[in-house]
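Working notes, structure below.
Naming convention: chains lettered A, B, ... in sequence-line order (proteins, then strands); numbering from 1 in each chain. Note that these values count all heavy atoms, side chains included, but never hydrogens, waters or copies made by symmetry.
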Amino acid sequence: MKTITTEICHHCHSPIRMEKVIYTDHTFCCHGCKNVFQLLSDNGLCDYYLLDENAGLQIDGRIDSTKFAYLDQPKYRSKFIRFSDEKSSHVLLSVPQMHCRSCLWLLEKLYRLDAHILSSQVYFEKKEVYIIFDESQLSFSSLVALLSKIGYEPSLNFDIESTEKISAQRNTILKIGISGFCFANIMMLSLPEYFASELIREVWFRRAIPILNLTLSLPILYVAYTDFIRSAWLGLKKRILNIDLPVSLAVIVTFLRSIYEIKFGLSNGYLDSMSGIVFFMLIGRWLQHRTENYLSFSRDFMSYFPIAVERIVEGKSNQVPIQELEVQDKIRIYHNEIIPVDSILSKGEAMIDYSFVNGENTPVLVEKGSHIYAGGRQLHGIVELIVMHPYNQSHLTSLWNHHAFKKDKLELKEQWTDKLGMYFTYAVLILSGFSGIYWYLLGETALMWNAISTTLIVACPCALLLASGFTYGQMLRILGKNNFYVRHYTVLDRIRQIKHVIFDKTGTITHAHQQKIHYEGDTLHANDLNDIVSLLSQSKHPHAMSISQYLGGRISIESIPFKETIGKGMEAWIENRYIKIGSDEFCGISEAANQTHVNVCIDNKWRGRFVIKNAYRSGISRLLKIIQNRFRMTILSGDIDGEYATLRKIIRNDHKILFHQSPMQKLEYVLNKENQGEHILMVGDGLNDAGAFQASTVAVALTEKNNFFNPASDIILDSEKLAYLDKFIDFIRTTKPIIYCMFVYSILYNVIGLSFALRGALTPVVAAILMPISSISLILFIHLATRFSEKKYLSFISKTL
Amino acid sequence: MEVIVVLLFLSLLISGGFLLSFIYQTKSGQFDDTYSPAEKILWDDSKPVQIHKSKTNN
């Protein structure tokens with residue numbers, strides 16, 4: 001048996017399996033990679049490989065410009081081309097594959113690949129590229145084809161939400177910048193009064209400073225109005241009390257009080273505290289909402305399907321978007337493409353992998369005249385289909401009509417931090433009321449007003465918003481560093497409510513594309529194995545490829561005459577021996593083991609079988625054991641029940657393992673439990689989990705490195721990190737304790753401040769000092785606390801890509 | 001002592017200028033992406049390009 005060391009493709013760095021392509025002293029795993037290399041080296045762009053060791057993406061599928069031909073039609077072109085005149089056209093394309101500096105570099109050097117590309121600019125954080133090109137010489141479809149050719153096929157979704165996101169982001173930055181400017185300058189202008197007020201003799205100086213302060217506080221007021229006062233007022237009208245209310249109160253009272261003080265020449269007012277409140281509140285808000293800009297958490301089934309497919313009309317074929325397909329249309333699907341609509345097989349041999357759609361691991365052989373359902377992937381060769389249902393009425397999309405999809409999970413319910421803020425506000429209002437009454441009864445009316453207003457100034461709930469905002473922001477950032485991407489900070493709170501964890505099987509706890517194979521039967525000798533591998537390497541069936549890889553990979557031998565019966569097996573005469581490899585039926589075996597297996601018969605005698613099992617991800621058994629001890633657990637699988645025994649060995653009897661689950665059944669199961677009040681965390685990866693995801697409290701979608709589709713979920717998790725799910729949950733659970741601690745700390749601070757205010761002794765300088773110190777120390781403590789938590793729970797995770 | 005006032009006004013003016021340029025930068029989109037410009041600085045475009053033309057077209 002030849003042992004072959006694994007070489008790595010020079011372009012995409014994946015191990016070379018079946019094919020090997022050699023070009024100018026480099027080896028590549030396929031022609032696609034070799035073509036990219038050739039294109040780059042022809043144009044002097046080989047620095048691509050030097051800039052980052054992870055450069056290079058695998059080319060998938062068929063690449064030719066006809067695939068994108070529909071983009072030149074005005075209807076579709078106008079969705080992407082932003083500007084066009086006779087000299088150039090501007091287009092903004094989303095390229096989620098970019099992941100390193102080499103990608104950035106190459107995409108900015110597109111002009112070297114084609115003279116008609118005038119310039120390109122990359123927005124790396126958003127994974128977008130803005131290209132200016134001469135459309136009269138290079139069509140839009142050819143541009144997209146060129147990008148696909150180098151491995152950066154743009155994701156052509158027809159939504160244009162990115163422009164709104166940008167202007168919102170810019171506004172936030174502007175607001176923070178301007179309010180920071182005003183805050184800092186007001187503080188600076190107030191310093192003379194605080195520290196050297198006796199030394200200032202000039203009256204006009206004394207008058208100028210407050211005027212300057214007031215001018216600087218006007219932008220602050222405007223920002224406060226748009227961000228806090230308006231929403232607090234709207235909330236009041238609807239009788240909802242949110243955290244904007246106490247902030248607005250503080251700002252308004254501070255401003256009025258400051259005007260009073262300035263007018264009567266008592267002091268320069270508390271404008272620095274007021275602007276500080278607004279500034280820190282804005283920062284707290286901003287921190288809370290930071291999330292990865294390019295990830296999409298809300299995809300529906302449409303993102304999974306190809307945009308266009310080849311339709312044959314009277315012998316002529318052209319690409320049409322799948323929305324335009326009508327019943328009875330004839331379409332052609334190529335090797336490795338996804339079936340876009342429910343249809344009937346009319347020509348060709350169809351071997352369909354439905355694992356993403358319903359979790360079935362084994363590809364299905366479909367006979368001419370039978371149904372093929374949308375969402376499956378054609379594995380073997382070219383087929384022609386007749387459309388049965390339009391794209392939005394397929395079997396698959398009916399799942400999305402379930403009422404569970406009508407609700408948006410992101411509806412912001414009242415957060416516990418808002419509630420805390422409200423109690424805090426009530427407490428402060430009561431306190432200030434009491435102190436007012438106290439001083440009134442003592443006859444000190446001046447002190448009374450002083451006490452009431454300064455209490456409202458100093459007892460700021462902004463520390464609470466800052467605490468929660470910064471903590472959530474830190475948690476999201478740390479989780480993101482570990483490839484655990486959370487859609488919104490409210491998801492973190494929902495994780496605390498989880499009582500029941502559900503796992504999908506195929507692709508979730510098992511590897512989507514790897515199998516574990518072992519052999520049962522009579523020992524096979526070296527020449528037997530050689531012959532088997534020679535035969536198997538002629539086929540593209542996934543089982544054949546897996547077994548031949550298991551047996552050691554490529555053996556270079558010329559192609560031998562063989563016969564493959566699709567879906568059943570292969571047979572050949574090799575060196576005077578008759579070798580037959582295939583299913584039970586094919587080899588004439590009557591007893592059937594219920595696990596997926598492939599039999600080997602040599603010279604009409606059964607020799608053994610290769611049993612193909614799912615390869616479970618590493619660390620899964622540990623994870624399942626831990627999860628089942630802390631939560632209720634269920635495994636819901638769309639596959640056949642061959643793995644039941646293996647799973648039962650790890651999972652106790654009181655946790656369910658269910659097979660043959662259709663996507664609708666998964667949804668119903670989750671809905672059932674949720675309606676009983678049992679909050680569910682669902683972990684899955686495919687379209688078959690989309691329904692269950694929608695119904696569960698928290699949905700975690702697993703993603704492989706180059707696969708950019710995930711069903712709509714709350715969390716996107718790198719599939720290799722799944723084994724650490726329990727540690728992630730532990731880490732997230734520390735969020736609330738941290739926020740509580742910080743809240744207590746800020747109360748302590750407020751007590752100190754209140755001790756001044758209630759006595760009527762809060763001067764502007766004390767307020768001005770207390771406020772920034774409390775905010776900054778809060779940020780410092782939260783940083784330390786989250787880092788401590790991270791070290792405790794997440795340091796075991798190795799940070800490899 | 002009066003010179004402090006002059007300094008104050010001047011510094012406000014200058015920092016106001018900075019603020020205006022900040023506003024301009026944000027509005028013209030220079031802060032939209034903070035990763036790319038940092039990387040682009042390090043590229044070396046002055047190196048002459050070596051082109052190996054392949055003998056056969058694909």
Exercise for review: Check the pair A/Q169 / B/F31 against side-chain contact (heavy atoms from CB on, under 4.5 Å), numbers first and verdict last.
Suggested key: CA-CA 10 Å; A/Q169 192 184 334; B/F31 291 128; over 6 Å; no

Practice item. Answer whether the closest heavy-atom distance between the side chains of A/V122 and B/Y35 falls below 4.5 Å. Key: no

Review point. Is any side-chain N of the basic residue among A/K126 and B/D33 closer than 4.0 Å to the acidic one's carboxylate O?
Key: no

Check your understanding: Which atom names give the shortest non-hydrogen contact between B/F22 and A/G177, and what distance separates them?
Key -> CE2-CA, 3.6 Å

Revision key, fill the gap. Residues 174-186 of chain A vs salt bridge (Lys or Arg N to Asp or Glu O under 4.0 Å), sequence neighbours excluded, gives A/K175-A/D227

Review point. Would you say A/L189 and B/L12 make side-chain contact, with heavy atoms under 4.5 Å?
Key: yes

**Study point:** Beyond-backbone contact of A/F124 with B/K40, side-chain heavy atoms, under 4.5 angstrom
**Key:** no

Review point. Non-hydrogen atoms of chain B under 4.5 Å away: do they reach the side chain of A/L39, the backbone, both or neither?
Key: neither

Exercise for review: For B/L20, look at atom CG and say whether over 12 heavy atoms of other residues, nucleotides or ligands are found less than 6.0 Å away.
Suggested key: yes

**Study point:** Euclidean distance, B/D32 CG relative to A/R170 CZ, rounded to 0.5 Å
**Key:** 4.0 Å

Practice item. Give, as side chain, backbone, both or neither, the part of B/S11 having an atom under 4.5 angstrom from any heavy atom of chain A. Key: side chain

Review point. Can you find a heavy atom in the side chain of B/L8 that is under 4.5 Å from one in the side chain of A/L212?
Key: no

Practice item. Please flag which part of A/F181 lies under 4.5 Å from any non-hydrogen atom of chain B: side chain, backbone, both or neither. Key: side chain

Revision key, fill the gap. For B/K27, the side chain to side chain contact (heavy atoms under 4.5 Å, CB included) test, sequence neighbours excluded, returns A/L174, B/I23

Check your understanding: Should we count OH of A/Y130 as having more than 12 external heavy atoms under 6.0 Å?
Key -> yes

